[in-house]
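As the structure is a prediction and not an experimental result, all values here were calculated from the model.
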Amino acid sequence: MKLCIIGTGYVGLVSGVCFSDLGNDVICVDNNKKKIKDLENGIIPIYEPGLEELVNKNSKSGRLIFTSNLKYAVKNSNIIFICVGTPTNKKNNSANLNQVYKVVNNISKYINKFKIIVTKSTVPVNTGDTIIKLISKKKNKKLFEVVSNPEFLREGEAIRDFMYPDRIVVGSNNRRANNIIKNLYDPLIKRGGKYFNTSRRAAELIKYASNAFLATKISYINEISNLCEKVGVAVEDIAIGMGLDQRIGSRFLRAGPGYGGSCFPKDVDALILMTKKNKGKESSLLREVKHTNNRQKLILIEYLSFIQQYFFV
Ligand SMILES: NC(=O)c1ccc[n+]([C@@H]2O[C@H](COP(=O)([O-])OP(=O)(O)OC[C@H]3O[C@@H](n4cnc5c(N)ncnc54)[C@H](O)[C@@H]3O)[C@@H](O)[C@H]2O)c1
């Protein structure tokens, strides 16, 4: 299939490279011209085990190309993946969708025949509906379909996570679009990846609900670890004892300084705001997950200054 990937950051680059390795023709677009030039010269902007080899192999085969020319990329592809950033809006902690909407406006100028537009960026529920409204201002609705396909890869394990996914979530009620996307993922389904087709809004929400759940698990074990310290119990033993229960599972039960990284804090914030906006009421659970996480960092700082006081005088 002919694919266009917009945004060659973590998600876009890994997805584009892996899709080309599966035999698709992939055009990766970024408005950062230096990044594109570097990629053309085999210089990879992020470190991810196995990525450099896959970029070089698929660039040489001609199946993977890098460009800043969005018009060329859109016109020469059937499926367009939006993989730009959705950082936290500092004013109200919502997801900032400026990059997504800018891309959507640009794509809509160049739609020349039927295209499937897929959001891989993490976007709040209803964003797909807004994208349809924006494109419909310029193009006939029969010329495009908007699908949500959130990405669940982890940094450091990204290639493996993409090539051997637990699940592939695809949000679309359109049978034609769903069949095409299912076909695209067929090699990964054959490897055991579970394909789950649902509504576009559900797919958008699944991503936030998943990340917030993992963040909750981390805050939970940190809360327990603070109790463990008071009662003289090793939290690692608690994590092992809990994790052996298959309903709970052992992952994300490691006590420590709290969650961080590029996704959990912003996705928890965005879900808190989404809940408030749509339910009219705050999620006290998610609010507490965030507080526990912030408190955990302070506990660690207090602990480090205590150690410093006694051992480095
Ligand atoms: N990083 C992760 O591990 C991860 C995992 C799953 C989902 N996500 C989600 O995927 C999305 C992308 O995350 P990321 O970490 O890859 O972001 P990133 O910031 O690393 O990359 C975004 C890329 O988009 C490019 N870009 C921005 N505007 C553009 C435009 N108008 N035209 C062309 N290119 C443009 C930027 O130059 C950049 O290279 C986010 O919504 C994120 O929440 C990230």
Side-chain angles (χ1 to χ4, degrees), residues 1-29 48-51 53-66 73-83 107 111 113-123 128 131 142-155 157-207 209-210:
M1 288 189 216
K2 291 185 182 304
L3 314 182
C4 160
I5 306 276
I6 306 177
T8 55
Y10 232 98
V11 166
L13 185 57
V14 169
S15 307
V17 169
C18 290
F19 276 135
S20 70
D21 204 56
L22 294 172
N24 300 285
D25 290 319
V26 180
I27 308 173
C28 287
V29 190
E48 191 59 43
L51 186 61
E53 292 81 351
L54 282 187
V55 169
N56 291 335
K57 174 184 158 199
N58 289 289
S59 298
K60 267 191 204 131
S61 76
R63 277 197 307 269
L64 177 68
I65 60 171
F66 298 99
V74 171
K75 290 202 171 217
N76 289 289
S77 51
N78 313 109
I79 310 176
I80 299 162
F81 285 89
I82 300 176
C83 303
I107 293 171
I111 294 177
K113 55 180 188 223
F114 181 72
K115 310 275 174 194
I116 299 178
I117 296 156
V118 185
T119 48
K120 239 190 201 311
S121 296
T122 303
V123 293
I131 292 175
K142 285 188 187 143
L143 272 181
F144 68 95
E145 200 51 54
V146 175
V147 171
S148 166
N149 171 218
E151 187 52 64
F152 300 100
L153 54 80
R154 292 162 299 166
E155 294 179 11
E157 302 274 350
I159 304 279
R160 205 210 150 274
D161 283 351
F162 190 94
M163 291 297 208
Y164 297 90
D166 289 337
R167 84 295 211 189
I168 299 147
V169 174
V170 173
S172 170
N173 291 331
N174 181 282
R175 195 183 297 176
R176 179 183 179 194
N178 181 46
N179 284 342
I180 293 172
I181 299 294
K182 194 168 183 191
N183 232 347
L184 174 67
Y185 278 111
D186 192 53
L188 306 187
I189 298 168
K190 286 196 174 120
R191 289 177 186 173
K194 303 253 181 333
Y195 186 88
F196 179 50
N197 175 221
T198 180
S199 70
R200 190 174 52 237
R201 288 182 197 168
E204 289 167 341
L205 195 50
I206 283 168
K207 173 68 192 179
S210 302

Going by the angle between their ring planes, with limits at 30° and 60°, are Tyr185 and Phe162 parallel, tilted or perpendicular?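 The rings of Tyr185 and Phe162 sit tilted, inter-plane angle from 30° to 60°.
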Just by distance, with hydrogens left out, do Glu151 and Tyr10 show a side-chain donor and acceptor under 3.5 Å apart?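 There is no such pair between these side chains.
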Show your reasoning for whether side chain to side chain contact (heavy atoms under 4.5 Å, CB included) applies to Met1 and Ile79. CA-CA 8 Å; Met1 288 189 216; Ile79 310 176; 3.7 Å; yes
Can you check side chain to side chain contact (heavy atoms under 4.5 Å, CB included) on Phe144 and Ile80, steps first, answer last? CA-CA 10 Å; Phe144 68 95; Ile80 299 162; over 6 Å; no
Ignoring hydrogens and geometry, is there a side-chain-to-backbone donor-acceptor pair from [X] to [Y] under 3.5 Å?
X	Y	answer
Ser20	Val17	yes
Glu145	Lys115	no
Arg154	Asp161	no
Glu204	Gly128	yes
Ser172	Asn174	yes
Asn149	Val170	no

Kindly give the heavy-atom pair with the smallest separation between [X] and [Y], and that separation in Å.
X	Y	value
Ile116	Ala177	CD1-CA, 3.8 Å
Cys28	Thr8	CB-CG2, 3.5 Å
Cys83	Gly12	CB-CA, 3.6 Å
Val169	Arg167	CG2-CG, 3.8 Å
Pro150	Ala203	CG-O, 3.5 Å
Lys120	Val11	CD-CG1, 4.2 Å

Could you point out which residue of Leu22, Leu64, Ile65 forms a side-chain contact (heavy atoms from CB on, under 4.5 Å) with Asn58?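 Exactly one candidate clears the test, Leu64.
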Exactly one of Asn78, Ile27, Asn24 clears side-chain contact (heavy atoms from CB on, under 4.5 Å) with Lys2, and that residue is Asn78
What distance separates [X] [atom1] from [Y] [atom2], expressed to the nearest 0.5 Å?
X	Y	atom1	atom2	result
Ile206	Ser148	CD1	OG	8.0 Å
Ile82	Ile117	CD1	CD1	6.5 Å
Cys18	Leu13	SG	CG	9.0 Å
Ser121	Lys207	OG	NZ	10.5 Å
Asn173	Arg201	CG	CZ	9.5 Å
Leu153	Glu48	CG	CD	7.5 Å

Over 12 foreign heavy atoms within 6.0 Å of NZ, Lys75: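 Buried by this count: over 12 neighbours within 6.0 Å.
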Side chains of residues 186-193: which donor-acceptor partners sit under 3.5 Å, not counting sequence neighbours?
unit_1, atom_1, unit_2, atom_2, d
Asp186, OD2, Lys190, NZ, 2.7
Arg191, NH1, Met163, O, 3.0

Residues Val26, Phe81; criterion side chain to side chain contact (heavy atoms under 4.5 Å, CB included); working and verdict: CA-CA 10 Å; Val26 180; Phe81 285 89; over 6 Å; no
